[in-house]
There are 2 protein chains.
Amino acid sequence: MAEAVAGGQDDRTAKARIRDSAITTFATHGVDGASVRLIAEGAGVSPPLVIHHFGSKEALRRACDVHVAAVIREQKRAVIAAGAGLDPLAALRGVAGGLPLLRYLARTLADGTEEVAALLDDLVADAEGYLAEGVEAGVLKPSAYPRQRAAVLLLWSLGALVLNEHVGRLLGADLTADLSAPEALAAAGAYFGPVLELFGQGLMDEGYAERLREGLDPDSAAGPGRR
Amino acid sequence: MAEAVAGGQDDRTAKARIRDSAITTFATHGVDGASVRLIAEGAGVSPPLVIHHFGSKEALRRACDVHVAAVIREQKRAVIAAGAGLDPLAALRGVAGGLPLLRYLARTLADGTEEVAALLDDLVADAEGYLAEGVEAGVLKPSAYPRQRAAVLLLWSLGALVLNEHVGRLLGADLTADLSAPEALAAAGAYFGPVLELFGQGLMDEGYAERLREGLDPDSAAGPGRR
DNA sequence: CACCAGGATAAACGGCCGTTCAGGACCTGG
DNA sequence: CCAGGTCCTGAACGGCCGTTTATCCTGGTG
């Protein structure tokens with residue numbers, strides 16, 4: 001049933017055109033707002049052909065999830081081979097045609113389908129590996145909760161992506177832009193600058209953070225931000 | 001089918017019941033997925049009454065935005081009077097009836113209506129104030145970009161809220177739970193623990209972070225993760 | 001040639017949607 | 001008693017939705 005996604009050369013077939021149109025249309029209008037007729041128009045085909053090739057709109061959406069996850073995994077492998085970075089989404093930026101996938105991901109991450117959940121689990125596992133390497137190399141600090149720290153960092157990264165519109169309004173940065181363009185990279189610095197500052201020096205005095213962390217114990221009922 | 005939310009007494013006016021039902025229904029099914037008929041059923045009224053009181057579904061959604069923003073602003077004032085914390089959402093947790101608002105916010109933050117955008121701008125300004133106070137008190141470290149740092153911290157916080165489902169799967173914590181319950185607070189520690197560790201000690205060696213920050217300059221094209 | 005498998009389409013169907021319409025119950029003041 | 005408002009409802013309308021049906025076109029195979 002699954003054709004070879006990795007080949008990618010025959011993106012001229014109607015089925016691939018429909019899938020790509022669906023990804024961008026879902027990203028633009030949301031899954032509910034993107035009608036089959038709109039997707040078909042974007043692919044230059046008739047609405048019934050969409051159903052003919054994918055069975056239903058829901059199945060088409062699942063196919064998009066699978067495709068996006070496959071591309072991300074493939075690109076991640078390529079990036080790993082070239083030397084990994086910290087940004088788990090670097091794999092998609094700058095890749096030809098990767099930006100619509102990034103926007104699709106931003107739009108559908110909150111819905112939580114099975115496929116993107118599995119993808120996130122993978123990304124967390126990868127991130128934990130990167131972080132361990134960084135710790136071993138001495139550039140990253142060790143953690144008492146390595147897996148949870150990897151998850152938190154990934155969730156922050158993806159959360160900012162989901163809220164990209166607000167990132168743009170508040171900071172002027174577009175996280176779904178191609179960062180190989182110098183001006184886009186400079187704009188993204190309004191986000192990555194403070195992030196790297198936080199990553200470097202932290203936010204709080206360590207003793208203060210430690211005291212807050214002890215407050216998470218249930219016996220002491222002083223959670224963060226309570227009287 | 002009349003259903004009883006917390007409280008039991010439906011002495012609220014029908015308009016308020018419709019608005020509250022809309023908030024929870026929007027939060028559960030999404031704005032597109034929540035039909036007027038479903039909202040009306042949740043409020044124990046007929047569908048036309050929803051339109052009669054609010055004019056249209058879109059106007060009802062705007063009324064929900066306004067109401068949520070008003071409640072958050074009001075609760076924030078109360079929390080400030082009692083001594084502010086760092087968590088910008090602490091205002092909503094533990095407040096009677098605040099949890100549905102939190103879930104509504106998580107569901108609609110990504111859509112970016114005018115009202116929630118204005119609310120976010122307010123929250124950033126407040127956060128900047130809190131951070132400045134913390135710096136002055138010596139518990140927080142100063143920043144070269146105070147406003148941007150406040151925005152980043154708020155975006156991380158809200159991003160985790162939007163991805164609450166993934167937070168639950170990856171860490172077992174529910175950020176939309178009432179953290180005054182000890183077990184919920186303990187579970188939330190799986191998120192807040194690593195967060196406070198990151199806030200305390202940072203993530204990277206400071207020199208390494210500084211070098212990465214310099215890499216944001218356009219001339220040096222070494223973004224994180226290149227081919 | 002006949003044949004037919006499959007890509008592609010126009011037309012149409014049933015269903016749910018947001019909304020409108022035409023009133024019914026119920027109070028309040030005369 | 002009636003008049004007039006307010007709150008509320010059942011029925012219905014038009015429209016868009018995802019999907020089905022029936023049909024055409026095209027090219028490869030015997």
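Letters A, B, ... are given to chains in the order of the sequence lines, protein chains preceding strands, and every chain is numbered from 1.
Within the 4.5 Å cutoff, the side chain of A:F192 has no heavy atoms near those of the A:L185 side chain. Between B:T113 and B:T108, every side-chain heavy-atom pair lies at or beyond the 4.5 Å cut-off. Counting heavy atoms from C-beta outward, A:H53 and A:V45 have side chains that stay 4.5 Å or more apart.
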Indicate every side-chain donor-acceptor pair of residues 149-156 of chain B with a distance under 3.5 Å to a residue at least two apart or in another chain.
unit_1, atom_1, unit_2, atom_2, d
B:R149, NH1, B:K141, O, 2.7
B:R149, NH2, B:K141, O, 2.9
B:W156, NE1, A:Y191, OH, 3.2

Please tabulate, one pair per line, all N/O donor-acceptor pairs under 3.5 Å involving side-chain atoms of residues 117-129 of chain B, not counting sequence neighbours.
unit_1, atom_1, unit_2, atom_2, d
B:D121, OD1, A:R169, NE, 3.2
B:D121, OD1, A:R169, NH2, 3.1
B:D122, OD2, B:R73, NE, 2.7
B:D122, OD2, B:R73, NH2, 3.3

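The main-chain N or O of A:L170 is found under 3.5 Å from a side-chain atom of B:R147 such that the two form a donor-acceptor pair.
Going from atom CD1 of A:I51 over to atom C1' of C:dA11 covers 16 Å, rounded to whole Å.
Residues forming a side-chain hydrogen bond (donor to acceptor under 3.5 Å, both in side chains) with B:T25 (at least two apart in sequence, or on another chain): none.
The stretch residues 57-67 of chain B touches DNA chain C through B:K57, each having a heavy atom within less than 4.0 Å of the strand. Within residues 36-49 of chain A, the residues that place at least one heavy atom under 4.0 Å from DNA chain D are, in residue-number order, A:V36, A:R37, A:P48.
Along DNA chain D, the stretch of nucleotides lying under 4.0 Å from any heavy atom of chain A spans, 5' to 3', D:dC17 to D:dT20.
Note that CG of B:L179 and CG of B:L99 are 8.5 Å apart. Values are rounded to the nearest 0.5 Å. One distance of note links CG of A:L102 with CG of A:N164; it measures 8.5 Å at 0.5 Å rounding.
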